[in-house]
Asker: 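Submitted below is the structure of interest, expressed as structure tokens.
Counting convention: from 1, in listed order, for ligands and their atoms alike. One is the number of the first residue; the rest follow in order along the sequence.
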Amino acid sequence: MQPIAAPLLQWFYANKRLLPFRQEPSAYHIWVSEIMLQQTRMTAAVPYYNRFIAALPDPAALAACPTDALRKLWQGLGYYNRVNNMQKAARIVCEQYGGELPADYAALRALPGIGDYTAGAIASIAFGLPVPAVDGNVLRVFARLYNDDADIMTPAAKRLFTQRVLDQMPKDTPGAYNEALMELGALVCIPGTPHCGDCPLRALCQGCAAGRADKLPVKPAPKEKRTVPVTVALISSEQGLLLQRRPAKGLLAGLWQPAAWESALTREQLQDALQKLGIPAVLGESLPPAKHVFTHRIWQLGGWQGTAPAVPLPDGYVWAAKSQLAEIYPVPNAFAAYVKPDADTPKL
Ligand code: SF4
């Protein structure tokens, strides 16, 4: 393979998107943006990024942020364990590195929630260190460039592709090179059918020359997800909506949700379950069916709305007034069909 850096960088400087974290690419800004972009498209992530950085402008602010306020800032992005890990890492950064992310790949990699890719992105873009940052975009570009059928999910293929990325890296501009590869994967060498006609690497690309770029990269068939029924009780009292705190560990750990059971309850069973909590609810209309897809499972949601007197609640349950839902209690997107967190509540 001939060197790709020169045409790639020329294209990147002329075509890169103007993004908030590119205007001031500090290590903290790169870190926050990369964690958000692991789960969200760039255009959707920008408002979340701006809001997050305005509220928590540096690692010290992130380290000190109360848990619910932090989850509230992350609400809508999902994968809450990522922001929990960011806070753990920020506390270590404050304790061990004086509040600044270390300019050292191994030290970054050792922080909670920072993997090879994120450490590489921070180290190369913020600190100019010559380390690769290989994500799905970059693997796709390299599988096509080298017309390589290796399964990109295997560690051996990742190692090989990472070495190729490193071999092609210009040692004076590692950050721009890594960003350029990501940007090419996001804008031109996209999943499905790539825009080879617009690509600065077309003349070098073996996959394109072989007419099989759209067949690459090779990935294993996705595993089937388990479907789990969830019965929701959307109960209102004069003090607000009934919310339940999820367990401290596991899926959506520590977040707040309408009272819900991970099984398909009948109306009578739901009434009994509420009664056992000491809540004499009167159930009304059924909730429309909804679905939420997680990485490994699918929730099939349904249930009933209802009313109840504002009785005292057991531990882990609250009556949440509208303003508290908007400002205090982070409700995961999985319940978006029933609870609109930032406005009127409940949604129905
Ligand atoms: Fe991707 Fe096409 Fe460019 Fe090759 S020529 S890197 S397949 S966009």
Side-chain angles (χ1 to χ4, degrees), residues 1-19 21-22 25 30 33-34 36-46 115-121 123-125 128 130-222:
M1 174 66 59
Q2 292 175 38
I4 64 168
L8 176 69
L9 285 169
Q10 196 180 12
W11 171 85
F12 178 60
Y13 294 136
N15 292 282
K16 66 178 176 179
R17 289 168 291 179
L18 292 174
L19 301 165
F21 33 87
R22 286 197 175 138
I30 301 295
S33 67
E34 291 299 343
M36 286 185 176
L37 291 173
Q38 284 172 18
Q39 63 213 49
T40 310
R41 283 198 320 278
M42 185 78 79
T43 43
V46 167
D116 293 339
Y117 167 74
T118 307
S124 64
I125 300 169
V131 288
V134 178
D135 67 352
N137 280 331
V138 177
L139 288 170
R140 182 171 60 253
V141 171
F142 269 69
R144 290 169 171 172
L145 269 177
Y146 286 77
N147 192 20
D148 194 324
D149 281 321
D151 173 352
I152 59 167
M153 300 311 284
T154 62
K158 277 188 189 162
R159 268 198 305 277
L160 173 65
F161 285 29
T162 300
Q163 188 57 50
R164 287 173 177 164
V165 170
L166 198 53
D167 291 344
Q168 290 277 359
M169 177 181 282
K171 297 298 179 269
D172 53 341
T173 51
Y177 166 77
N178 282 337
E179 272 195 284
L181 283 176
M182 296 172 210
E183 195 79 332
L184 189 77
L187 298 180
V188 177
C189 196
I190 56 173
T193 305
H195 303 315
C196 299
D198 300 329
C199 182
L201 307 181
R202 184 174 183 177
L204 309 173
C205 180
Q206 296 167 4
C208 184
R212 57 192 304 271
D214 58 346
K215 308 281 186 304
L216 296 167
V218 171
K219 288 187 200 168

Asker: Between atom SG of Cys196 and atom CZ of Arg144, what is the distance when rounded to the nearest 0.5 Å?
Answerer: 7.5 Å

Asker: Ignoring water, what protein N, O or S atoms are under 2.8 Å from atom 4 (Fe) of ligand 1?
Answerer: Cys205 SG

Asker: Under 3.5 Å, is there a donor on one side chain and an acceptor on the other for Thr118 and Gln38?
Answerer: yes

Asker: With no hydrogens and no angle check, do the side chains of Tyr117 and Glu34 hold a donor and an acceptor under 3.5 Å apart?
Answerer: yes

Asker: Would you please test Met169 and Asn178 for side-chain contact (heavy atoms from CB on, under 4.5 Å) and show each step?
Answerer: CA-CA 8 Å; Met169 177 181 282; Asn178 282 337; 3.7 Å; yes

Asker: I'd like to know if the side chain of Asp214 pairs up with that of Thr193 as donor and acceptor (distance under 3.5 Å, no hydrogens or angles considered).
Answerer: no

Asker: With side-chain contact (heavy atoms from CB on, under 4.5 Å) as the criterion, how do Phe142 and Val134 come out once you've worked through the C-alpha distance, each side chain's angles and the decisive distance to 0.1 Å?
Answerer: CA-CA 10 Å; Phe142 269 69; Val134 178; over 6 Å; no

